[in-house]
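The block underneath contains the structure these notes are about, expressed in structure tokens.
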Amino acid sequence: MDTYSVFTTKWKQLTGVDLTLYKEAQMKRRLTSLYEKKGYQSFKEFAAALEKDQALLNETLDRMTINVSEFYRNYKRWEVLETAILPLIKHSKPLKIWSAACSTGEEPYTLAMLLDQQKSLPGFQILATDIDEKALEKAKKGIYQERSLQEVPSSVKDRYFTQNANRSYEVKAEIKKNITFKKHNLLADRYEQDFDLIVCRNVFIYFTESAKEELYLKMAHSLKKNGVLFVGSTEQIFNPEKFGLAPADTFFYQKR
């Protein structure tokens, strides 16, 4: 067994995260850079240190998860969601939405702000999940630096954020109340059902093909009939019918 295999076995014991489902070369590069900065010589040595040091374990998990996010990321896709996709899923009951792998919260807050402006909508509730507890803590606070709001229209910024004395921006309580943040491992934990919309963007690119297919199946199963899966702008699903999905627009897939 090579030392990376020793590491992945120990990591799964410690965190419940199965690294064999992630692209190996990509993950090895990230981890090697991290353990070398910390002064360790091998995956085996690093694994032994993680077992003894909870703070190091938490830091490593935080560094390995991809917490790159901003409000209205890829703005044109949000316009498509508003104009072309919402009419497909609007109905008489409040919408049930899942922001999967939500990182530090910019995505579910963007969703809530967009939906709050839909006057004909009968309400909505968003479940926002991530595997990284530190990212979720930041998400719950809802406080961001100005650089995260570069794509936010000024009318939205004025309406839904409060500017603090230190030039940070805090999401208003009227938006926070629509979102429940929760820890969740996409690869291992149970999925809730009956979602009208699942947003999972810029996450699939880190997984192996077999792991991706498993996630597509599980997410399709979690959607209501006619519900929509919204993926990232480098994550086109080339055979959606295999998972009971059909293209609704570019990077949007509807359950049949």
Side-chain angles (χ1 to χ4, degrees), residues 1-36 42-44 46-47 50 57-69 73-74 77 98-104 107 128-136 182-193 195 198-223 228-247 250-255:
M1 183 183 284
D2 66 31
T3 59
Y4 184 66
S5 297
V6 171
F7 182 87
T8 58
T9 300
K10 180 57 66 179
W11 184 257
K12 188 172 183 182
Q13 288 172 5
L14 295 172
T15 68
V17 177
D18 186 353
L19 292 180
T20 64
L21 299 174
Y22 292 76
K23 291 178 181 174
E24 185 173 309
Q26 204 172 51
M27 193 54 71
K28 272 185 171 178
R29 277 197 306 274
R30 183 173 290 127
L31 284 165
T32 301
S33 171
L34 180 59
Y35 79 58
E36 286 178 348
S42 68
F43 282 111
K44 188 173 182 180
F46 192 37
L50 290 171
L57 181 67
N58 292 340
E59 181 186 350
T60 304
L61 183 59
D62 188 48
R63 290 284 297 276
M64 285 170 60
T65 49
I66 316 302
N67 294 325
V68 178
S69 191
R73 187 176 184 183
N74 307 117
R77 295 295 96 208
W98 180 16
S99 173
C102 71
S103 185
T104 47
E107 181 178 274
T129 66
D130 202 90
I131 197 169
D132 184 345
E133 291 183 77
K134 282 179 71 177
L136 288 172
K182 182 178 172 184
K183 184 177 180 181
H184 183 269
N185 180 341
L186 282 175
L187 294 164
D189 293 339
R190 186 184 68 83
Y191 285 26
E192 286 191 26
Q193 302 297 303
F195 289 105
I198 297 175
V199 182
C200 188
R201 305 173 74 218
N202 310 303
V203 177
F204 295 112
I205 53 173
Y206 299 104
F207 295 122
T208 64
E209 288 305 311
S210 61
K212 271 193 244 184
E213 293 205 353
E214 182 185 345
L215 292 178
Y216 293 149
L217 279 170
K218 288 163 82 170
M219 288 187 176
H221 184 64
S222 287
L223 286 167
V228 172
L229 172 63
F230 177 15
V231 301
S233 297
T234 57
E235 299 177 318
Q236 188 171 356
I237 304 174
F238 293 105
N239 50 349
E241 63 285 342
K242 182 176 177 181
F243 311 104
L245 301 169
T250 311
F251 309 113
F252 292 90
Y253 300 89
Q254 189 169 30
K255 184 174 180 176

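The chain is numbered in sequence order, starting from 1. Hydrogens, waters and symmetry mates play no part in the numbers below; they use all other heavy atoms, side chains included.
Using a 4.5 Å heavy-atom threshold, the side chains of Leu57 and Trp11 count as touching. Residues Tyr191 and Leu215 meet the side-chain proximity criterion, which asks for heavy atoms closer than 4.5 Å. Tyr4 places a side-chain heavy atom less than 4.5 Å from the side chain of Glu24. Side-chain contact between Asp18 and Leu187 is absent, with no heavy-atom pair separated by less than 4.5 Å. At a threshold of 4.5 Å between non-hydrogen side-chain atoms, the residues Leu245 and Leu223 count as touching.
Closest heavy-atom contact between Lys212 and Phe204: CE-O, 3.4 Å. Between Thr8 and Leu19, the shortest heavy-atom contact is CG2-CB, 3.8 Å. Closest of all the heavy-atom pairs between Arg201 and Val231 is CG-C, 3.7 Å. Heavy atoms only, all atoms of each residue included: Glu107 and Ala100 are closest at OE2-O, 4.2 Å. The shortest heavy-atom contact between His221 and Lys255 is O-NZ, 3.6 Å. Looking at every heavy atom in both residues, Asn202 comes nearest to Arg73 through ND2-NH1, 3.5 Å.
Open room surrounds NZ on Lys44; 12 or fewer heavy atoms of other groups in view lie less than 6.0 Å from it. By the 6.0 Å contact criterion, CD on Glu241 is enclosed, its count of non-hydrogen atoms from other residues, nucleotides or ligands being greater than 12.
Counting only distance, with no hydrogens or angles, the side chain of His184 and the backbone of Arg190 share a donor-acceptor pair below 3.5 Å. In terms of modelled atom types and a separation under 3.5 Å, the side chain of Tyr253 and the main chain of Gly244 share no donor-acceptor contact.
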Worked check of side-chain contact (heavy atoms from CB on, under 4.5 Å) between Glu235 and Phe251: CA-CA 7 Å; Glu235 299 177 318; Phe251 309 113; 5.7 Å; no
Evaluation steps, side-chain contact (heavy atoms from CB on, under 4.5 Å), between Asp130 and Ser99: CA-CA 9 Å; Asp130 202 90; Ser99 173; over 6 Å; no
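Expressed to the nearest 0.5 Å, how far CG of Leu186 lies from CE of Met219 amounts to 4.5 Å. Remark: Leu31 CG to Thr60 OG1 distance equals 7.5 Å, nearest 0.5 Å.
In this pair, Phe46 and Tyr35 present their aromatic rings tilted. The plane angle is within the 30 to 60° band.
Aromatic rings of Tyr22 and Tyr206 (six-membered ring for Trp) have centroids beyond the 6.0 Å cut-off, not under it.
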